[in-house]
Amino acid sequence: MKSVSIYIAGLVLTAALYGCAATWQKTQGVVVPPADIYSEKARNFEDRGEMQLALFTWHIVAQLEPDNTVATKSIRRIKQTTAKAAQDYFQRGLKYYQTGDYKKALREFLITLRYKPDHRQARHYLKTRLQYAEHATYQVQPGDSFTRIAAKIFKDTGKAYIIAYYNGLDPKKPLLIGQTLWLPAIDPNYLQPRSNVSILLEKAQSAYAKKRYDETVSLTRKIHDEVPDHPKARLLADAAHFDMGMDLLKQKAYMAAVEQFKQVSPNFKGRNQAIARARTHIKQLATEKKLIQAQVHLRNNDWQRVISVTEEILEHDPNNAQAKMLFSNASYNLGKLLLDRGAVSQAVDLLDRIDPSYEDTGQMLSMARARMKSQAETHYRNGVKHFINEDLELAIKEWKRALELNPEHPKARQDIENAEHLLDKLKAFE
Amino acid sequence: MLRISNLILLWIMMVAGCSGHFLPHPPVPLKIETQRFVMVTAGPQDTLASLARTYLNNEQKAWQIAAYNKINTLTPGQQVVIPRVPLKYGGIEQNGFQTVPVLLYTEITPQPSKSKATYAKDFDRQLQYLDDNGFVTASLGEFGDFLSLADQLPPKTVIISFDTTRPWVYGIAFPMLKLRGMKAAIFIRSNEVGSQGRLSWAQLAEMAAGGFDIGLLGETILPPANQDLKQYFDLFEKKFTTPQKAFMTHLKQPCRYFAYAGGVGDDLTIAMLKKHGYRMAFTRKRGSSPFFTDSYKIKRSLIYGNFDMAQFRQNLTTFRSAELR
């Protein structure tokens, strides 16, 4: 009886267990796949060395069966082994890297990431250090500056700025001894080897600021030899020449000032006005000198020279009062002298050019003109005498002289024509 | 002595245990969602792409579901795991690693051309080849995530690019790629946009909205001999910042990608690109790039018009063998 009871109890228990452990779990009607499928899959991944896929799949198992100790242990184990393997490969890669075998280092770092994709150092070496493995570096020595390093490495102090920039450093701040600097490899097309133009330019700017114009000009000439028409150097040279010209202008060295201004570019502001100003001064100076000469000639009663010097002044400066005065004075005195010497027509020509109100010029002119009329009449009468004596040629000569002295002589012109007509007929007849 | 009451009790227990088998019970779709994965039962309307869209916010990640579950299509009722984390960063395998080819077309012409330009029909045949052989085009953003090990790319990923503001890219290339749902990148000089015979900002904006990445095509900037270095730097820097402003103004997006004018970059340019937030820069050096390539020296292969299909295929290397066990 007891054995029957045990048999029935076993049968019932089996049935109950069968009912509860169906092939698929059922939780509130949701069909959940058995974790075994994924456990199997995880093991397969492990066998094939796909540790990340295995780990991921064990997580699925653990999610499906939170109490599955195999899954939790596997997760822990894989994490530990992959972390260790990753570290081992990384260290090996590091050794290769340090000995310069970058190809082998690359392989080790890649395997590191295969085991542990978030391995930070391996990522860093792959993405950064290996890229710049053959990049030139420089360790800062005592006494170094960016300029000194640039001169040492690139043979060009002008590239100091690039080194600072490339390393993200302030070019004005001092370097730390022992600091490692990356040295940029620069496409030669981008930065041509530079001359010392910048240095010369800085010196020229400094010299100009200190009003050392000759030095400025000399430095800008050197720049010009290196780089023709360097705009900044050209501007500096212009400014230096201009300022030198202005200084000379103040010193009344007008010719020298013009020479400086002429070296300034034509479009430089104020250049043309300065030249015009200097030229005006030059003219004034020349006039002053001539006036002094004229005054000297006047004191020596050398009227003719006074007249010629003042005529030169008045030709350019017709309103120069002093020149006018000197000219009138000389002309008056010379006119008077000529009158005294009987050179009436010359005296009239001279006196005619000055203001009649000057001294007794008007009176002298009237007298001179009266004398000329009288002389004209004398010549006319002499002509008539020659005409009567049938000496037509002499008659014509006298009448012409009469006309010279009095162009408005009432008969002389007509008589000349008649006499010439007769002379022609006689010649034709002969 | 077993009593009748005990037997009845045991019978009830047995029935209860078997009830799951005997009573009708409609299956309820499975859905387990964690940070690492989602496990679901596929519905009648589901596809790999729809699951990727729903759970990964990107239907182009359907390949990740297919790869883990080793399936090509879904059948209703099928239970699948959708990985939410990259399982193979950088495409590293035991026998090598993934590389991404970036193709560059200089010109596509509507008629056959004797120059290096690609005839539109040849271009279409090349796109067809990519389609037929499981290649997928990626955006530059996705490529950037691959390079920085932030995300994976499909194993056969290719990037198509153009360096131009000429209208053919809008009139020929853009519609052909759009028709196939393919992405591409255009590198432009912002100062050319809107001038005669060039693309307009509106056209570029349309292409950007259509899945095209717009990047900056550099200019060769030689320092004038009479210019000082600081001035040169300022001028040089403006060549990177001015286009960025134009991109923001006209395309309402930052300019993050750069192509070198002469096809090669130097340290100074790279430093400037980094300073101004450019994420990647492309050369014209032929080849494919693995994830550990320098993001500012990405290789690009020029595809010439006279390339036959074999020559075209040579530029599509997506995996480099290496013993990585």
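Computed over heavy atoms, backbone and side chain alike; hydrogens, waters and symmetry mates excluded. Here the structure is a predicted model, which means the values were calculated and not measured. Letters go in sequence order (proteins before strands), and every chain restarts at 1.
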Fill in the blank from the handout: If you tally heavy-atom pairs under 4.5 Å between each of Arg48(A), Gln52(A), Glu108(A) and chain B, the highest tally belongs to Arg48(A)

Handout entry: NZ or CZ of Arg123(A) within 45° of Tyr89(B) ring axis and under 6.0 Å
Key = yes

Problem - Interface residue of largest heavy-atom contact number with chain A, from Ile92(B), Leu149(B), Thr34(B), under 4.5 Å - result: Leu149(B)

Problem - Gap between atom CZ of Arg320(B) and atom CG of Leu110(A) - 0.5 Å precision - result: 9.5 Å

Completion exercise
Assert top hit (heavy-atom pairs under 4.5 Å, partner chain A, pool Phe291(B), Tyr68(B), Phe37(B)) equals Tyr68(B)

Problem - Which of Gln94(B), Arg325(B), Met272(B), Glu323(B) touches chain A most, by non-hydrogen pairs under 4.5 Å - result: Gln94(B)

Practice task
Please check if the distance between the ring centroids of Phe258(B) and Phe240(B) is under 6.0 Å.
Solution key: yes

Fill in the blank from the handout: Bottom line for Phe109(A): the part with an atom under 4.5 Å from chain B's heavy atoms is neither

Practice task
Answer with side chain, backbone, both or neither: which region of Pro290(B) has an atom nearer than 4.5 Å to a non-hydrogen atom of chain A?
Solution key: neither

Practice task
Establish, yes or no, whether the cationic atom of Lys104(A) lies under 6.0 Å from the six-membered ring centre of Tyr97(A) and within 45° of the ring axis.
Solution key: no

Practice task
Examine whether an atom of Ala271(B) lies under 4.5 Å from a heavy atom of chain A, and if so say whether it belongs to the side chain, the backbone or both; otherwise answer neither.
Solution key: both

Problem - Largest heavy-atom contact set with chain B, pairs under 4.5 Å, which of Ile60(A), Leu113(A), Leu53(A), Leu126(A) - result: Ile60(A)

Problem - Pair Thr75(B), Gln78(B): side-chain N/O donor-acceptor within cut-off below 3.5 Å - result: yes

Practice task
Under 4.5 Å heavy-atom distance to chain B, tell me which part of Tyr125(A) shows up: side chain, backbone, both or neither.
Solution key: neither

Practice task
For Thr283(B) and Arg300(B), test the side chains for any donor-to-acceptor distance below 3.5 angstrom and give the result as yes or no.
Solution key: no

Fill in the blank from the handout: Those residues at least two apart in sequence (or on a different chain) that pass ring-ring contact (aromatic ring centres under 6.0 Å, His included) with Phe143(B) are none

